[in-house]
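So the structure is just underneath, and the comments pick up after that.
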Amino acid sequence: MMNGRGGAQPAVDLRSSGALLRVLALMAMADEVLAAEEQSMLEKLGTQYLQQSELDSWDQAFQHPMDLKQVAREIDIADRPLTAKLAYMVLCSSREDYGFSVNPAERKAFDQLIQTLELTELQKDQAIQDATRELARTPGFWDILMNTFSNQFRLDTDINPIAPSN
C-alpha cells in the first residue's frame with residue numbers, strides 16, 4: 001500500500017484487509033446516511049476483496065459481518081492504527097463533501113471501534129490528527145481509499161477518468 005506521500009506502507013494481509021474494508025463500510029453506515037459515492041466505492045472495493053478471496057458474500061468472510069466489534073477483532077494488531085485513521089477519514093468524508101460534521105452516532109461508532117481495536121487515547125488522537133492532516137493535504141478521500149487498496153486487489157479501473165493516462 002502507499003501512504004499519502006507516495007512511500008510504501010507494509011502490506012495489509014488479505015484477511016485483515018477484508019475486515020478493514022468491512023469496518024469502513026460499517027463506519028460509513030454509522031449515521032444511517034450513505035451517500036451514493038460512498039456506497040459505490042465501498043461496494044467496488046468489497047466486490048474486489050470478495051473476488052480476490054474467492055468468497056461469494058461477507059457472510060462467508062465473517063460470522064457477523066454487520067457487527068462492528070466482531071469484524072474489528074479480525075484486524076491484525078499492526079493494522080489497527082491505519083484502520084482508525086481510515087475510519088475517521090470515512091466519517092470526515094461526508095463533512096468534506098457535504099459540509100456535515102462528525103455527528104454523535106458517528107462519534108459513538110468511532111469510539112466503539114477504538115475500544116475494540118484496543119488503541120490508547122494517544123493512538124486515537126494520532127489517528128484523528130493523521131486523518132485530518134491527510135484530508136487537508138490530499139482532497140478526495142475516496143481517491144485515497146481506492147489508491148490504498150488498488151494494488152492489493154488489482155483494480156484496473158481508472159477512478160478518475162479525467163486524469164491523463166500514462
Side-chain angles (χ1 to χ4, degrees), residues 1-4 9 11-76 79-103 105-114 116-117 127-128 130-132 134-135 138-161 163:
M1 283 200 275
M2 303 299 286
N3 68 23
Q9 285 185 18
V12 177
D13 72 48
L14 193 60
R15 176 77 180 165
S16 201
S17 290
L20 196 158
L21 285 173
R22 195 68 201 139
V23 162
L24 296 182
L26 293 170
M27 294 302 292
M29 294 184 284
D31 64 354
E32 299 180 7
V33 176
L34 193 60
E37 181 184 26
E38 289 176 318
Q39 184 172 356
S40 173
M41 290 297 173
L42 290 168
E43 284 177 2
K44 183 176 187 173
L45 286 168
T47 298
Q48 291 296 326
Y49 168 77
L50 291 171
Q51 287 175 353
Q52 189 80 13
S53 300
E54 299 179 0
L55 299 171
D56 294 324
S57 71
W58 287 111
D59 290 324
Q60 288 180 324
F62 303 104
Q63 190 170 10
H64 301 284
M66 296 301 292
D67 185 325
L68 179 64
K69 289 181 180 181
Q70 292 291 323
V71 176
R73 287 185 188 114
E74 298 287 334
I75 297 172
D76 288 344
D79 300 328
R80 291 177 177 188
L82 172 64
T83 301
K85 178 181 113 175
L86 291 175
Y88 197 78
M89 291 173 83
V90 165
L91 298 181
C92 290
S93 67
S94 292
R95 180 175 66 195
E96 173 188 289
D97 294 340
Y98 306 107
F100 300 157
S101 62
V102 175
N103 65 39
E106 293 170 329
R107 177 57 87 171
K108 181 179 177 184
F110 184 72
D111 289 343
Q112 183 181 51
L113 175 65
I114 295 299
T116 303
L117 294 176
I128 292 170
D130 290 347
T132 304
E134 189 159 346
L135 284 170
T138 309
F141 168 69
W142 298 107
D143 290 341
I144 293 168
L145 188 61
M146 290 297 289
N147 288 333
T148 298
F149 287 98
S150 64
N151 289 335
Q152 183 159 8
F153 298 148
R154 296 185 193 103
L155 297 178
D156 56 359
T157 55
D158 186 0
I159 59 171
N160 185 357

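Because only heavy atoms are used, hydrogens play no part in the values below, and waters and symmetry mates are left out as well, while side chains stay in.
A salt bridge between Glu74 and Arg22 is absent, with no side-chain N of the basic residue lying under 4.0 Å from a carboxylate O of the acidic one.
Of all the heavy atoms in Cys92 and Leu135, the pair that sits closest is CB-CD1, 3.5 Å. Listed here is the closest heavy atom pair of Tyr49 and Ala61: CE2-CB, 4.4 Å. The two atoms that bring Asp59 and Pro65 nearest to each other are OD1-CG, 3.0 Å, heavy atoms only. Considering all non-hydrogen atoms of both residues, Met27 and Glu106 come closest at CE-O, 4.3 Å. The shortest non-hydrogen separation linking Ala19 to Ile75 is CB-CG1, 3.5 Å. Minimum heavy-atom separation, Ala127 to Lys85: CB-N, 3.7 Å.
Residue Thr47 holds its OG1 atom at 12.0 Å from CG of Leu55, rounded to the nearest 0.5 Å. Taking CG from Leu45 and CG from Leu21, the interatomic distance works out to 5.5 Å, rounded to the nearest 0.5 Å. The CG atom of Leu117 sits 10.5 Å away from atom CD of Gln112, with the distance rounded to the nearest 0.5 Å. Rounding to the nearest 0.5 Å gives a distance of 13.0 Å between CG of Leu113 and OH of Tyr88. The line from CG of Leu26 to CG of Asp67 is 8.5 Å long, rounded to the nearest 0.5 Å. Atom CG in Asp56 sits 8.0 Å away from atom CG in Leu50 (nearest 0.5 Å).
The side-chain heavy atoms of Leu68 and Val23, taken from C-beta on, include a pair separated by under 4.5 Å. Two residues are said to be in side-chain contact when any heavy atoms from C-beta on lie closer than 4.5 Å; Met29 and Met66 meet this criterion. Residues Ile128 and Phe110 meet the side-chain proximity criterion, which asks for heavy atoms closer than 4.5 Å.
Among residues two or more places apart in sequence or in another chain, the side chain to side chain donor-acceptor pair (under 3.5 Å) test is passed with Glu43 by Gln39.
Between the side chain of Arg73 and the backbone N or O of Thr116 there is no donor-acceptor pair closer than 3.5 Å.
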